[in-house]
Amino acid sequence: MNAGRVGYTTYLRLINTALTPETAANYVSILPPASKHGVKVPRILEVPTLGAALTVANKHIPETLMWIDAQLETETMMVAYNGPIHEGGPIEPTMKINDQGKYEILYVPENNELYNYVPVYHAQFFAPGDYYFKIYEMPPHRVERYEYSKEYEGAGILEKYSYVYLQRLVKMTNEESIEVSRLYNEIDKFMKESITNFITNGVTDESWQQFLNTAKAVGVDRYVEIYQKAYDNYLAKQ
């Protein structure tokens, strides 16, 4: 992209990436063309997952808990995302506390250099959104993602509910989980083969009907039925 050899990308962000500012200025966000035909974009739902656990073999439980607790201190989490706020680190401070008492980004290192110094992959910030906005002066590369999300929401192309409900929150019996796993493998194989065939040979009314018939045969309806039951049970307990 920086060499000017790419005209389109599905990458979400332009700011704070490996793109040069000159290259980023040549791109503009667009809505997915398939959205005109009713195709929806998955909605993300962030669900905290297990990140640390103590075992009975731990001989320093109080100290370990203090260390874990320290990881959730506001400044620790801010630095894990955005880089140092104090002098003396491997790079110059990337943040400061501004006149309003908020954390504010001073600069974003070029060429993704920040990723060499902060645990971005494992970065975390567990706090209500209202608190986050009170303590953080949102920088352009954060606002950028917000604006894209708002654009997608306004166009009505985001799915109403997130698939994460089914992926992480609903519960199944052991028997249902085994059956779903088996069905998924068969459906996934069938879908990949079908997509390849459609791309290679095109789609006709006959081939599309055959696709629908085969989908039923490999268990798509049963797959949906199991998840629907699990989701209904989840809603009933809320």
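One is the number of the first residue; the rest follow in order along the sequence. Keep in mind it's a predicted model, so treat the numbers as computed, not measured.
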For Y234, does the OH atom sit with more than 12 other heavy atoms under 6.0 Å from it, leaving out its own atoms?
-> yes
Nearest non-hydrogen partners of D221 and K216, listed with the distance = OD2-NZ, 3.0 Å
Show which side-chain atoms of residues 54-61 pair as donor or acceptor with protein atoms under 3.5 Å away, not counting sequence neighbours.
| residue | atom | partner | partner atom | Å |
| --- | --- | --- | --- | --- |
| T55 | OG1 | A57 | N | 3.2 |
| N58 | OD1 | H60 | N | 2.7 |
| N58 | OD1 | I61 | N | 3.3 |
| N58 | ND2 | T64 | OG1 | 3.2 |

Is it the case that more than 12 heavy atoms not belonging to Y184 sit under 6.0 Å from its OH atom?
-> no
Just wondering, more than 12 heavy atoms not from K134 lying within 6.0 Å of its NZ?
-> no
Answer yes or no: is there a side-chain heavy-atom contact under 4.5 Å between M191 and F211?
-> yes
For residues I44 and V164, determine if any side-chain heavy atom of one lies less than 4.5 Å from a side-chain heavy atom of the other.
-> no
Might you point out which heavy atoms bring Y81 and L114 nearest each other, and give the distance in Å?
-> O-CD2, 3.8 Å
Would you check if V180 and M172 make a side-chain contact, meaning some heavy-atom pair closer than 4.5 Å?
-> yes
Please report the shortest heavy-atom distance between E159 and R43, naming the atom on each side.
-> O-NE, 2.7 Å
Should we count CD of Q210 as having more than 12 external heavy atoms under 6.0 Å?
-> no
Criterion side chain to side chain contact (heavy atoms under 4.5 Å, CB included) on L31 and I157, from CA distance to verdict | CA-CA 9 Å; L31 297 176; I157 63 172; 3.9 Å; yes
Any Lys/Arg nitrogen of K189 or E193 sitting under 4.0 Å from an Asp/Glu carboxylate oxygen of the other?
-> yes
Please report the closest heavy-atom contact between S29 and E151, naming both atoms and the distance.
-> OG-OE1, 3.8 Å
Considering non-hydrogen atoms only, spot the tightest contact between V47 and R168 and give its length.
-> O-NH1, 3.3 Å
Looking at Y231 versus Y227, is the centre-to-centre ring distance below 6.0 Å?
-> no
Gap between atom OG1 of T214 and atom CD1 of I187 - 0.5 Å precision = 12.5 Å
Is Y107 atom OH crowded by more than 12 heavy atoms from other residues, nucleotides or ligands, each under 6.0 Å away?
-> yes
Quick one: do the Y136 and N82 side chains pair a donor with an acceptor below 3.5 Å?
-> yes
Evaluate the criterion side chain to side chain contact (heavy atoms under 4.5 Å, CB included) for residue pair L45 and Y161; output intermediate values, then yes/no.
-> CA-CA 9 Å; L45 175 69; Y161 300 108; over 6 Å; no
Rounding to 0.5 Å, atoms NZ (K96) and CG (D99) come to a distance of 6.5 Å
E63 atom CD, neighbour heavy-atom count above 12 within 6.0 Å = yes
Any chance you could lay out the side chain to side chain contact (heavy atoms under 4.5 Å, CB included) test for T74 and I135, step after step, and finish with the verdict?
-> CA-CA 9 Å; T74 293; I135 66 162; 3.4 Å; yes
Expected output: side-chain E144 to main-chain I15 donor-acceptor under 3.5 Å = yes
For the student: nearest non-hydrogen atoms of A80 and V118, plus distance | O-CB, 3.5 Å
Ion pair E153/K150, N-O distance below 4.0 Å = no
Where do Q209 and D205 land on the side chain to side chain donor-acceptor pair (under 3.5 Å) test, with the steps shown first?
-> CA-CA 6 Å; Q209 188 58 53; D205 290 341; over 6 Å; no
Tell me, please, which residues at least two apart from Y27 pass ring pair (Phe, Tyr, Trp, His ring centres under 6.0 Å).
-> none
